Amino acid sequence: MKKTTGMDRATTRNWRPATRAIRGGTWRSEHGETSEALFLTSGYTYDDAQTVADRFAGEAEGMTYSRLQNPTVAMLEERIALLEGAEACRAQASGMAAMTAALLCQLSTGDHVVAARAAFGSCRWLVDNLLPRFGIETSVIDSADNTQWEAAIRPNTKVFFFESPANPTLDIVDLQFVCDLAKAHGITTVVDNAFASPALQRPLEFGADVVAYSATKLMDGQGRVLAGAVCGSEEFITETLLPFQRNTGPNLAPFNAWVVLKGLETLSLRAHKQSEQAVALGRFLEPRVEQAGGRMLHPGLPSHPRHNLALVQMDATGPIFAFDVGTRERAFAILDALELIDISNNIGDARSLLCHPASTTHASMGEEARAEMGVTEGLLRINVGLEDIADLTEDLDRALAASGI
Ligand SMILES: *Cc1c(COP(=O)(O)O)cnc(C)c1O
C-alpha cells in the first residue's frame, strides 16, 4: 500500500500539530523524494488538447500556469493551512503583498475599515494612504481598548484590521472580544499574525475570518527570503481572494516557497525556545530599564497591561519585545556598543537583532503618527534569537553600561 501523502486531507486533519509541521502538504512525485521537490517552472504541458481545455474550464484538476498554481507553492499553502487550522491558504510574494491582497480583494469604494493604530509601518501606510485613494474610509483606534472597536463601527464598516502582538509596541488585542463584535455586525476580521506565527497563536480559534502573514519572519526563521500568506475559509479564498490574486499576480516564487517549507519543520521548536529566551532576557533588562526611568513593553512579563490575556491567547509570547531607554542618544549608544547582537530591523530570525523603530521601520510615517502609537525616540525593539542566553545577556549588559544605564 502506498503511504499517505501530506495532501490527503482526510488523514492530515487528524495529525497533531508537530506532525503537520513536518509532513503536512508533502506531495511526492513519482521519484519518492524525501524532501519536497522544487518545481522551478512557469508553465505546464499536456498530453492532449482536451485535457488542457478541461483544466482551463475548471472541470479537471491540474496545473495550467504558475500564476495560478505551482506544486511547490501548493505544498507550502497546504502546510500553512494545516498549521493554522484554516480551510485554505494562498501564498503571497511577501508579507505586504499578503496584507494588500487580503484587504483589496474584498474592499470597494464606500466601504469603511477600522484598523489598529499600532501596526507595522507599511500596514499603516495601506490604511492611511492607499485605501483612502480608492474612496475606502479608514478609522485608526487604540486596539487595546475594547470600547474603541465598538465606537468606531459605522453602517458601512466592512473590515477590522489589526496585529497582535503589534509592531513595535507589543499591544495585545482581545481576540475573542473583537472577533465576536465583528461577527455581530457582519464585519470581516483580518488579523496580521506575523509576530506570533501559527506555532504560538491561531486567531481562527477565536473566530477571526482571515489570517495574513509575513512568512519572512518566524516561518522562514533564518532571514533568507521574503514570503507571505493569506488563510481563511475555502469560500473566502476561492471566491474573493483568488480572482484578485490570479489577475494581479502577487505570487510567491517556488524557490522561496521551498525555503519556507523547510522553515516550517522547525517553526514550533524555534518559536517556543525564542519565546523562553525573550522572557529571560526581559526579566534581566526590566529592573535596569526601570531604574533608568524607562519602560518595558513585553507581553511575557507581568508588567504588561495585557499579560494575562496574552497567556490565554498565545501558547508562548514570542521572540520580540521592546523597551524604552528615554532618548535617541541613549538608544543609539546601546546599539553602537553591541558586539554580538546585530543592528537589524528584521524579526523572527534565529539571530538576535536590535533596532530603533523611530529611525527605521517607523521613520516614514511621521512624528505625529509615531507619537500617537507610542513609538518614542528612546524605544528599542529586540528579536531574541537562538544564541546562548548567557552570551545575549552579557552583550546587553555591556551595551547598557556603555550607554550609562
Ligand atoms: C514584516 C511585517 C510585515 C511585512 O512583511 P514583509 O514580508 O516584509 O513584506 C507585515 N506585518 C508585520 C507585523 C510584520 O512584522
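Note that the coordinates shown come from a computational prediction; the quantities given were computed from them, not determined experimentally. We count ligands from 1, going down the list as the structure has it; atoms in each ligand are counted the same way.
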Per-atom filter on ligand 1: closer than 4.0 angstrom to a heavy atom of S94 are 7 (O), 9 (O)

Verify, without hydrogens or angle tests, whether D220 (side chain) and V260 (backbone) share a donor-acceptor contact under 3.5 angstrom. no

Please state which protein non-hydrogen atom is closest to atom 7 (O) of ligand 1 and give its distance, to 0.1 Å? T216 OG1, 2.6 Å

Select one of side chain, backbone, both or neither to describe which atoms of M96 lie under 4.0 Å from any atom of ligand 1, heavy atoms only. both

Mark yes or no: K217 above the aromatic ring of F120, with NZ or CZ under 6.0 Å from the six-membered ring centre and no more than 45 degrees from the axis. yes

Salt-bridge test for R13 and E87: reply yes if a basic N is under 4.0 Å from a carboxylate O, no otherwise. no

Got a sec: does the CZ of R351 have more than 12 other heavy atoms crowding it under 6.0 Å? no

What atoms of ligand 1 come within less than 4.0 Å of a heavy atom belonging to N167? 15 (O)

State the atoms of ligand 1, each with its element, that fall below the 4.0 Å cut-off from a heavy-atom position in F195. 15 (O)

Any chance the rings of W27 and F39 have centres within less than 6.0 Å? no

May I ask you to identify the nearest protein heavy atom to atom 1 (C) of ligand 1, giving residue, atom name and distance to one decimal place in Å? K217 NZ, 1.3 Å

Within the structure, does G95 bring an N/O atom to less than 3.5 angstrom of an N/O atom in ligand 1? yes

Element-labelled atoms of ligand 1 that are located less than 4.0 Å from some non-hydrogen atom of I347: 15 (O)

Below 4.0 angstrom, N of the basic side chain to O of the carboxylate: do E36 and K262 qualify? yes

For E163, atoms of ligand 1 separated by under 4.0 Å from a heavy atom: 13 (C)

Is there side-chain contact between S164 and M314, with at least one heavy-atom pair below 4.5 Å? no

